[in-house]
Each structure stands twice: as C-alpha cells, then as structure tokens.
Trainee: 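Pasting in a structure now, in structure tokens, and then I'll have a few things to ask.
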There are 2 protein chains.
Amino acid sequence: MPQPTTTPPTSGARTSDPDASTVERLLQAAAHAFADKGFHATTTRDIASGAGLSPAGVYVHFGSKEELLFALSRSGHESALRLLRSAIADGATPRQQLVAAMARFTEWHVEQYQVARVVQYEHHHLTPEHHAEVLALRKEMDSLVRDVLDRGVADGTFSVDDSADTALALLSIVVDVARWYSPTIRRTPTEIGATNATLALRLVGAGH
Amino acid sequence: MPQPTTTPPTSGARTSDPDASTVERLLQAAAHAFADKGFHATTTRDIASGAGLSPAGVYVHFGSKEELLFALSRSGHESALRLLRSAIADGATPRQQLVAAMARFTEWHVEQYQVARVVQYEHHHLTPEHHAEVLALRKEMDSLVRDVLDRGVADGTFSVDDSADTALALLSIVVDVARWYSPTIRRTPTEIGATNATLALRLVGAGH
DNA sequence: TCGGTAACTAAGCGCTTGCTTAGTTTCCCT
DNA sequence: AGGGAAACTAAGCAAGCGCTTAGTTACCGA
C-alpha cells in the first residue's frame with residue numbers, strides 16, 4: 001500500500017475544480033489548455049493532468065482529443081446563442097435589443113474568456129463534419145444581430161449603410177474581446193459590456 | 001543518373017513563388033502554412049516542401065521553426081507599422097488621418113491576409129524574448145491610433161467617451177478582418193477598406 | 001454474497017515531430 | 001585549374017505524440 005487514498009495520483013498542476021464531475025473537469029482542463037496554447041499545442045497529457053487523471057483516463061469519457069474540442073465548441077456555441085437570443089427577447093425596441101445583446105454578449109466573452117477563445121479561434125481544427133455543425137450556429141448568431149439592425153432601420157431608430165457590414169463590425173468588437181482580454185485587466189465585465197454597447201449605438205447612428 | 005536536372009526533388013505541393021529566393025520561398029511557405037493551420041499544426045516538412053526543399057533545407061537558412069515564425073512576425077509587424085505611419089502622415093487633418101489609416105490598414109489585412117493572420121494570431125507562440133520584441137511594435141500601433149483620436153477630440157472633429165476604448169474598437173474591426181476574410185469572398189480590398197473607414201467615422205461621432 | 005459494469009491506471013506501441021549528421025553538388029574567386 | 005565556402009540532400013535519431021491494451025479497483029443491484 002504505497003499511498004493512502006487521500007492523495008490522488010496526480011502529477012501535473014490541476015486546472016479544474018476538484019469537486020466537479022470527471023467529464024466537467026476534463027472540459028474545464030481542456031478549455032484552459034486550448035485557450036492558453038491552442039488545440040495542437042495542447043497534449044492529451046496536459047488535459048488529463050489538469051483534470052487530475054492519468055493520460056488514459058481521458059479516453060474513458062471522450063473518444064479523441066478532437067471529440068473533446070467538439071464537445072467544448074458545440075456547448076460553447078450553444079450557450080452563446082442562447083444568451084444572444086434571450087438578450088434580444090428581453091428588449092422591447094431594437095435599440096434596447098442592441099444594447100442588451102452587445103452588453104451581455106461582451107460580458108460572456110469576458111467571464112468565459114477561455115471558452116470564448118476556443119469558440120472563436122479553435123473551431124477550424126474540428127473535423128469537416130463537426131466544423132459544419134458549429135458553422136451553422138455561427139451563421140445563426142450573425143443573423144440575429146443583422147435582424148436587430150434591420151428592424152431598427154425599418155422603424156427609423158438606426159441609420160446604417162449596410163446591415164451585413166455593420167453586423168460584422170459589431171461582432172468583431174465583441175469577438176475580439178476574447179483575443180485581447182486577460183484576467184489581469186482591472187475593468188469589470190459589466191464595464192466592458194457597457195462600453196461596447198455605447199460604441200454599438202454610435203455605429204448604428206443612434207448614439208444620443 | 002536517376003533524374004534529369006530539370007526535375008527538382010520536390011514531393012509536396014509548392015506554396016511559394018518558384019522564382020523567389022530560397023529565404024523568400026521559405027517565408028512564403030511558412031506564412032501560407034501558419035495562416036492555414038496555425039504554428040503548432042504546421043510541420044517543418046510542410047514548410048520545406050512548400051518551398052521546394054528537403055526537410056533539412058530549412059535549417060540552412062533558419063535555426064528553428066520558431067525562428068522562422070519570428071522573422072515572419074517581426075517583418076509583418078514592421079510593415080504594418082510602416083503602413084500605419086505613412087497613412088497618418090499623408091492626412092492633413094485627424095479626420096483624413098483616421099480615414100486613411102483605417103482604409104489602408106484594412107486593405108493590408110485583406111491583401112496580405114496570410115501574413116496578417118500570423119501577425120495577429122500566432123505571436124504568442126514566440127519565445128518570451130521574441131514575443132516582447134513584437135509586443136513593443138503592437139503597442140506602438142495602438143498609440144498611433146489613439147493619438148489620431150486625441151488630436152481629433154482636441155480640435156473638436158471627433159467626440160468619443162474614451163480614446164483608449166475607441167482605439168481598441170477600431171483596431172478590433174481591422175484585426176478581425178484577418179479572422180473572417182477568405183479569398184473566396186468577392187469584395188475587393190478597396191471596398192472593405194472604404195467600409196471600415198466609414199464605420200470608423202461613425203464610431204468617433206464624425207459620420208457626416 | 002457475489003456477479004457485472006463502469007471508472008480508472010500502468011505500461012507501452014507505433015508513429016510523427018523538430019532537428020542533426022555526414023556527405024554531395026554548385027559556384028565563385030584566384 | 002583548383003581550392004573553399006555555401007547550399008543542399010539522404011538518412012536517421014531521440015523525444016514526444018495520440019491512443020490502446022491489460023489489468024485493478026470501486027460500487028451497485030439482486
């Protein structure tokens with residue numbers, strides 16, 4: 001009996017909540033590693049030790065490293081989409097919808113910046129089939145934003161030259177948060193969200 | 001005599017101009033591969049065959065794969081910085097400077113989208129020393145844009161809440177081009193540049 | 001109490017990786 | 001002509017990779 005049962009057989013540094021389920025810990029460790037180093041620079045041993053497992057332990061729950069990326073990417077896209085939809089549903093006018101969508105989507109990118117980074121920058125490492133699946137979700141996000149703009153233009157609140165171009169610029173501002181954000185930055189998610197909502201109103205000609 | 005000299009000993013598909021110098025071809029092949037698959041998913045064999053060399057041929061000109069990334073990243077940052085400076089120098093007013101900077105920097109991201117992708121998304125795979133060197137160039141870009149905004153606010157042309165936040169949003173719109181652009185898109189660099197310049201004027205409250 | 005199933009590990013397999021070594025060819029300078 | 005440096009290749013090495021296999025432990029229902 002070389003080890004008492006209170007000491008788990010972990011060698012690397014944990015990057016996940018020890019109280020979470022094993023699948024949850026694997027997803028957390030993968031999000032941490034993929035966001036930090038990218039999919040290909042992350043080894044399955046990194047993920048395993050981050051979750052407190054041996055290298056083989058990953059394969060009890062996921063068939064491959066790519067399957068882990070897909071699970072993370074799909075659930076990330078789905079929760080982002082859910083957030084966007086609910087923000088838009090909460091607003092009574094296009095103006096309120098745009099403000100809520102920009103603020104809350106930005107906050108998500110800050111609070112979940114590791115998942116957001118995987119969602120925005122790692123999806124092209126998926127297999128063609130998996131990639132096609134998340135691409136459909138990404139197009140849906142784009143449509144949601146463009147529809148808000150179109151409704152605002154229709155009722156005279158917004159004035160934009162091209163709603164597709166403007167929607168892309170709005171999403172660029174939000175998505176790029178996942179690139180530049182670091183937890184060392186002192187601004188809160190709410191502050192960054194409010195800033196981006198204000199910038200959005202300026203972009204659609206409804207700044208005052 | 002197994003092969004006539006007119007057939008080069010290439011196995012993979014070339015991704016570089018055969019008339020360019022060897023170093024040039026290596027940089028082109030590396031830019032192509034890094035932009036397409038990322039630094040870690042690219043093998044030195046990919047780069048070698050893309051440049052029409054054997055795997056060992058890379059090491060005649062570069063000491064390591066990371067050194068290749070650094071050469072590409074540094075020269076890319078330098079040419080981007082040169083472009084920004086010259087665009088700003090050409091404008092007589094802050095308004096003209098902002099329009100020129102946004103349009104030309106955007107065009108560069110489209111025309112050189114492979115290099116731009118490496119510049120914007122691969123620099124964190126550099127060694128700490130090399131990373132620090134390009135970070136200084138990146139901060140300089142940010143300052144250049146913020147200074148244009150500050151001058152425009154000072155002379156009353158622009159109206160922004162916070163010049164740092166607004167500069168970041170402007171750069172987000174430009175940088176993000178390297179993420180979403182694909183050569184299959186039918187819009188020209190000039191059109192995309194003009195769109196982003198117009199969006200920039202709206203963001204700084206000088207849209208008309 | 002015990003059989004079955006699911007979660008897990010130790011060990012390691014086959015392959016690919018970045019890079020090196022030893023040797024060949026090319027070309028320029030005298 | 002011929003010596004030397006530079007550019008290049010064939011072959012391959014050590015390390016690390018994703019993933020598998022064989023076996024152990026823990027737990028749960030009958």
Side-chain angles (χ1 to χ4, degrees), chain A residues 1-12 14 16 18-27 29-30 33-34 36-72 122 125-127 130, chain B residues 1-12 14 16 18-27 29-30 33-34 36-72 122 125-127 130:
Chain A
M1 41 223 46
Q3 288 273 42
T5 49
T6 46
T7 303
T10 307
S11 53
R14 266 172 195 278
S16 60
D19 293 338
S21 74
T22 304
V23 167
E24 203 63 48
R25 267 156 41 224
L26 280 166
L27 290 170
F34 291 161
D36 190 45
K37 311 190 280 186
F39 176 71
H40 273 102
T42 298
T43 70
T44 55
R45 285 162 179 84
D46 290 337
I47 298 166
S49 74
L53 294 178
S54 74
V58 175
Y59 295 90
V60 173
H61 303 281
F62 294 93
S64 67
K65 189 172 82 160
E66 189 273 344
E67 209 173 276
L68 202 33
L69 174 64
F70 177 55
L72 206 51
E122 302 297 326
H125 292 123
L126 292 167
T127 63
H130 290 164
Chain B
M1 34 220 53
Q3 288 274 40
T5 51
T6 47
T7 302
T10 306
S11 53
R14 266 172 196 277
S16 60
D19 293 338
S21 73
T22 304
V23 167
E24 203 64 47
R25 268 157 38 224
L26 281 166
L27 290 170
F34 291 162
D36 190 46
K37 312 191 280 187
F39 176 71
H40 273 101
T42 297
T43 69
T44 56
R45 285 163 179 82
D46 291 336
I47 298 167
S49 74
L53 294 178
S54 75
V58 175
Y59 295 89
V60 174
H61 304 280
F62 294 93
S64 68
K65 190 172 82 159
E66 189 273 345
E67 209 172 276
L68 241 170
L69 174 65
F70 178 54
L72 206 50
E122 303 297 327
H125 293 123
L126 293 166
T127 62
H130 290 163

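Nothing here was measured: the structure is a model prediction, and the numbers come from that model. Naming convention: chains lettered A, B, ... in sequence-line order (proteins, then strands); numbering from 1 in each chain.
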Trainee: Nearest-Å distance, NE2 (A:H40) to C1' (C:dG18)?
Mentor: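 The answer, rounded to whole Å, is 16 Å.
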Trainee: Could you please spell out the steps behind the side-chain contact (heavy atoms from CB on, under 4.5 Å) verdict for A:L53 and A:R25?
Mentor: CA-CA 10 Å; A:L53 294 178; A:R25 267 156 41 224; 4.0 Å; yes
Trainee: Would you please name every residue forming a side chain to side chain donor-acceptor pair (under 3.5 Å) with B:H125, sequence neighbours left out?
Mentor: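 By the side chain to side chain donor-acceptor pair (under 3.5 Å) rule, B:H125 matches B:E122.
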Trainee: Give the rounded distance in Å between these two atoms: CD of B:E67 and P of C:dG18.
Mentor: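 Atom CD in B:E67 sits about 15 Å away from atom P in C:dG18.
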Trainee: What pairs of residues pass the salt bridge (Lys or Arg N to Asp or Glu O under 4.0 Å) test when at least one of them lies in residues 36-45 of chain B, not counting sequence neighbours?
Mentor: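 Sorted pair list: B:K37-B:D46.
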Trainee: Would you say A:T22 reaches C:dA7's phosphate, i.e. side-chain N/O to OP1/OP2 under 4.0 Å?
Mentor: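 Result: no.
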Trainee: Send over the distance from B:F62 CZ to C:dT20 P, rounded to a whole Å.
Mentor: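 Roughly 15 Å, once rounded to whole Å.
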Trainee: For nucleotides 19-23 of chain D, list the nitrogen or oxygen atoms of the protein found under 3.5 Å from its nitrogen or oxygen atoms, one pair per line.
Mentor:
from   : atom 1 : to    : atom 2 : distance (Å)
D:dC19 : OP2    : A:Y59 : OH     : 2.9
D:dC19 : OP2    : A:K65 : N      : 2.9

Trainee: What is the distance, rounded to the nearest whole Å, between atom NZ of A:K37 and atom P of D:dG16?
Mentor: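 A:K37 atom NZ is separated from D:dG16 atom P by 13 Å.
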Trainee: Can you see which heavy atom on B:K65 is nearest to which on B:F39, and at what distance?
Mentor: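 Here B:K65 and B:F39 meet closest at NZ-O, 3.0 Å.
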Trainee: To the nearest 0.5 Å, what is the distance between CG on B:L26 and OG on B:S16?
Mentor: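 With rounding to 0.5 Å, CG (B:L26) is 7.5 Å from OG (B:S16).
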Trainee: Which atom names give the shortest non-hydrogen contact between B:T42 and B:A33, and what distance separates them?
Mentor: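 For B:T42 and B:A33, the tightest heavy-atom pair comes out as OG1-O, 3.2 Å.
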Trainee: What nucleotide, of C:dT9, C:dG18, D:dA7, holds the atom closest to the side chain of B:H61?
Mentor: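 Closest nucleotide to the B:H61 side chain: D:dA7.
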Trainee: Give one of base, sugar-phosphate or nothing for B:T42, where a contact means two heavy atoms less than 4.0 Å apart.
Mentor: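 Since only primed, P, OP1 and OP2 atoms lie under 4.0 Å of B:T42, the category is sugar-phosphate.
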